Amino acid sequence: MANEEDDPVVQEIDVYLAKSLAEKLYLFQYPVRPASMTYDDIPHLSAKIKPKQQKVELEMAIDTLNPNYCRSKGEQIALNVDGACTDESSTYSSKLMDKQTFCSSQSTSNTARYAAALYRQGELHLTPLHGILQLRPSFSYLDKADAKHREREAANDAGDSSQDEAEEDVKQITVRFSRPESEQARQRRVQSYEFLQKKHAEEPWVHLHYYGLRDSRSEHERQYLLCQGSSGVENTELVKSPSEYLMMLMPPSPEEEKDKPVAPSNVLSMAQLRTLPLADQIKILMKNVKVMPFANLMSLLGPSIDSVAVLRGIQKVAMLVQGNWVVKSDILYPKDSSSPHSGVPAEVLCRGRDFVMWKFTQSRWVVRKEVAAVTKLCTEDVKDFLEHMAVVRVNKGWEFILPSDGDFIKKHPDVVQRQHMLWTGIQAKLEKVYNLVKEGLPKKPDGQSGPAALLSGDQRVQAAKSKAQQNHALLERELQRRKEQMRASAVLPGVRIKEEPMSEGEDEEDQDAEEDEEPMDTSLGGGLHNRLANGLPSGRAAGGDSFNGHPLPGCASTPVARELRAFVEATFQRQFVLTLSELKRLFNLHLASLPPGHTLFSGISDRMLQDTVLAAGCKQILVPFPPQTAASPDEQKVFALWESGDMSDQHRQVLLEIFSKNYRVRRNMIQSRLTQECGEDLSKQEVDKVLKDCCVSYGGMWYLKGTVQS
């Protein structure tokens with residue numbers, strides 16, 4: 001007791017278990033370097049991995065201008081490895097050993113006892129490690145130099161002997177046929193070291209992109225190290241009830257387990273269900289019921305369960321559709337499983353079922369033939385998807401099985417907003433995989449006309465109503481512009497903004513852009529179309545040109561303009577170059593971190609965001625993308641910070657001018673252009689800095705950030 005009094009508890013820290021990266025997180029152990037130098041300061045030229053072997057190779061640049069670097073030795077090594085002539089296949093294209101390769105090896109096979117910890121705002125978030133890899137320098141270039149030396153010696157010997165040797169006589173040879181390999185011999189051959197080495201060598205390398213510590217992608221991935229929804233919510237993964245804790249300390253004996261009656265594998269009584277942890281209860285209920293309102297789930301779990309903890313748990317296993325919770329596809333189709341009807345792998349099934357769920361976030365009706373045409377799945381698989389969440393109506397299609405839960409939407413707007421952002425990300429993936437246009441149908445090749453879509457009577461009526469609303473909005477547009485200055489300080493939370501084009505030549509098609517372009521909707525009730533999104537009616541939008549009642553971004557006196565301007569300036573001070581697509585993604589992440597009711601939730605259009613970027617001292621770089629590029633229009637709009645006030649402004653401007661005429665550029669061209677424009681005293685560190693700020697390297701070429709299409 002005396003020792004405990006001398007060592008009091010000074011602080012209690014809540015511990016959370018984050019599982020988002022549990023199967024993907026690796027720890028890389030680098031060789032020791034000076035404390036003043038971090039690996040983020042060293043340019044990573046390339047990285048590649050063999051996933052099955054968990055083998056990684058990294059290529060890092062060597063500082064050849066360092067006084068400790070022996071230039072003559074570096075030139076000699078490059079000469080031994082590549083010879084006198086250099087080409088694209090050479091290891092050292094600069095005739096100098098200017099890079100070093102690191103290969104990985106597993107430091108331990110049991111990583112269950114290791115985790116990565118992130119301490120933030122008085123909370124400790126732990127993520128289990130999937131592997132620990134030690135990176136050591138690779139000296140394969142020495143083997144290559146030895147091979148070159150042996151080849152030269154063999155060529156010299158062959159040249160000398162060929163002058164003296166006469167033509168050899170024709171010799172008789174004997175052909176033998178090998179016997180059929182027995183099963184035991186095959187097993188011995190498969191288990192041999194030579195066979196395993198050959199199999200490992202045959203696994204192809206997968207090239208990776210390296211993102212630095214301050215890159216936006218790194219910042220985005222670091223968010224997954226935090227337990228989702230941990231603030232203010234009890235962590236049910238680590239906190240147990242007294243009965244659960246007692247059961248862990250004193251588990252039942254095997255004899256007691258045998259005495260219990262055995263129920264069928266697919267049957268679980270409510271009494272047995274309530275003995276499980278809360279997360280398992282929610283998962284089992286959703287897996288069996290498929291679709292359920294939140295009120296019904298609370299009634300099944302019991303009155304003593306905290307609704308906040310249930311909300312946290314339900315978001316891990318289900319998605320919100322029209323105010324109701326639908327079980328996630330990866331819960332029904334786990335990894336390595338397949339369809340019982342067609343044998344299609346689980347990944348394809350999950351993608352097809354996500355498409356059906358997304359369609360129901362847009363409308364209460366779905367046509368089976370349309371789903372089959374987009375997903376290319378068999379009729380039985382599509383029917384299984386629809387039977388999980390809908391009922392068939394004669395001559396109409398499939399209707400969502402439950403009515404929209406407006407009460408849940410009103411009570412939990414923060415959950416609705418978070419789910420809307422998740423659906424936005426899922427929609428972007430579906431558009432890339434299925435080549436979708438805005439109405440959710442496949443794109444048709446130029447010059448081809450597909451069959452007309454089958455529409456029911458109700459769908460025709462709804463389409464006519466939607467068209468009439470659009471025409472009405474266009475007629476009120478001019479009137480809305482005139483009234484805007486008079487009510488500049490008013491806030492209209494129900495108005496949604498249509499995206500307008502930024503480039504020249506698009507003003508003449510303003511009306512078409514109004515109908516075709518989608519806004520970057522940040523409101524709680526905004527949907528992807530003029531339909532129901534997670535149960536929220538978005539068709540009430542008036543569609544004017546005002547920015548939700550706020551003045552144009554040039555008027556910095558409004559709170560919305562100031563907040564947006566501050567976000568844009570801070571983002572470009574860190575990133576320097578961003579596509580519109582990446583900027584919108586960062587803005588959505590910024591919105592997710594803001595408290596409910598923040599002024600930025602009133603609605604920001606793409607046009608307003610782009611105007612703010614240009615007003616903040618940035619310029620749009622017209623990168624000449626190749627004709628066959630798969631980049632979306634938002635990915636082809638590239639913005640860059642023109643002046644930041646540091647010494648690299650001139651270098652960055654020269655680099656941006658290069659990329660305004662070239663889609664991809666070699667480093668030597670950039671080096672020569674920078675030397676020509678900025679003088680001969682330009683150091684390698686200055687070139688590396690401007691490349692790191694604005695570009696990424698892939699396949700030996702340099703691209704502006706966000707423009708490379710791997």
Side-chain angles (χ1 to χ4, degrees), residues 14 16 18-20 120-123 125 220 223-237 278-279 282 286 292-298 301 305-328 357-358 361 404-427 491 493-496 519-528 532-538 540-541 548 559-560 563-564 567 584-604:
D14 293 332
Y16 297 91
K19 294 185 177 180
S20 300
R120 179 171 295 185
Q121 297 179 358
E123 299 174 351
H125 299 260
H220 176 63
Q223 298 299 319
Y224 290 113
L225 294 175
L226 299 175
C227 184
Q228 297 182 3
S230 60
S231 57
V233 182
E234 200 177 69
N235 193 340
T236 57
E237 297 289 341
L278 179 60
I282 297 173
M286 291 305 305
M292 189 186 305
F294 186 74
N296 291 11
L297 179 62
M298 290 299 300
L301 294 174
I305 303 298
D306 183 15
S307 62
V308 178
V310 176
L311 269 177
R312 233 184 111 242
I314 190 66
Q315 295 182 66
K316 297 180 180 179
V317 298
M319 297 290 293
L320 192 66
V321 178
Q322 299 187 23
N324 300 284
W325 293 99
V326 181
V327 64
K328 289 184 176 180
M357 294 170 62
W358 173 73
T361 64
S404 177
D405 191 351
D407 293 339
F408 179 85
I409 295 171
K410 294 177 182 178
K411 291 180 181 178
H412 306 281
D414 53 337
V415 176
V416 175
Q417 170 69 5
R418 192 178 302 115
Q419 289 290 311
H420 171 64
M421 294 176 63
L422 292 176
W423 276 120
T424 304
I426 292 175
Q427 184 206 6
V491 178
V495 177
R496 293 176 59 226
M520 185 187 69
D521 192 357
T522 59
S523 62
L524 293 180
L528 298 176
L532 286 175
N534 292 342
L536 287 179
S538 60
R540 296 174 295 181
N548 290 348
V560 173
E563 290 283 345
L564 187 59
F567 163 76
K584 288 162 66 174
R585 187 185 67 82
L586 294 175
F587 184 65
N588 282 332
L589 288 176
H590 179 64
L591 288 180
S593 65
L594 297 177
H598 194 273
T599 180
L600 285 180
F601 281 111
S602 59
I604 304 297

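Because the structure is a prediction, the values reported are computed rather than measured.
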Any idea which heavy atoms bring [X] and [Y] closest together, and the distance?
X	Y	result
Leu600	Leu564	CD2-N, 4.1 Å
Cys227	Ala18	N-CB, 3.7 Å
Val310	Phe294	CG1-CE1, 3.7 Å
Ile426	Met319	CD1-CE, 3.8 Å
Asp405	Gly323	CB-O, 3.4 Å

Parallel, tilted or perpendicular: ring planes of Phe408 versus Trp325, cut at 30 and 60 degrees: perpendicular
Parallel, tilted or perpendicular, as decided by the 30° and 60° cut-offs, for the rings of His590 and Phe587: tilted
Any Val560 side-chain heavy atom under 4.5 Å of Ile604 side chain: yes
Test log, rule side-chain contact (heavy atoms from CB on, under 4.5 Å), inputs Gln419 and Val416: CA-CA 5 Å; Gln419 289 290 311; Val416 175; 5.8 Å; no
Can you tell me how far [atom2] of [Y] sits from [atom1] of [X], rounded to the nearest 0.5 angstrom?
X	Y	atom1	atom2	result
Leu311	Leu297	CG	CG	9.0 Å
Gln427	Trp423	CD	CH2	10.5 Å
Asn296	Leu301	CG	CG	11.0 Å
Met286	Ile314	CE	CD1	4.5 Å
Arg585	Met421	CZ	CE	10.5 Å
Leu320	Ile409	CG	CD1	6.5 Å

Donor-acceptor pair, side chain of His125 and main chain of Leu225, under 3.5 angstrom: no
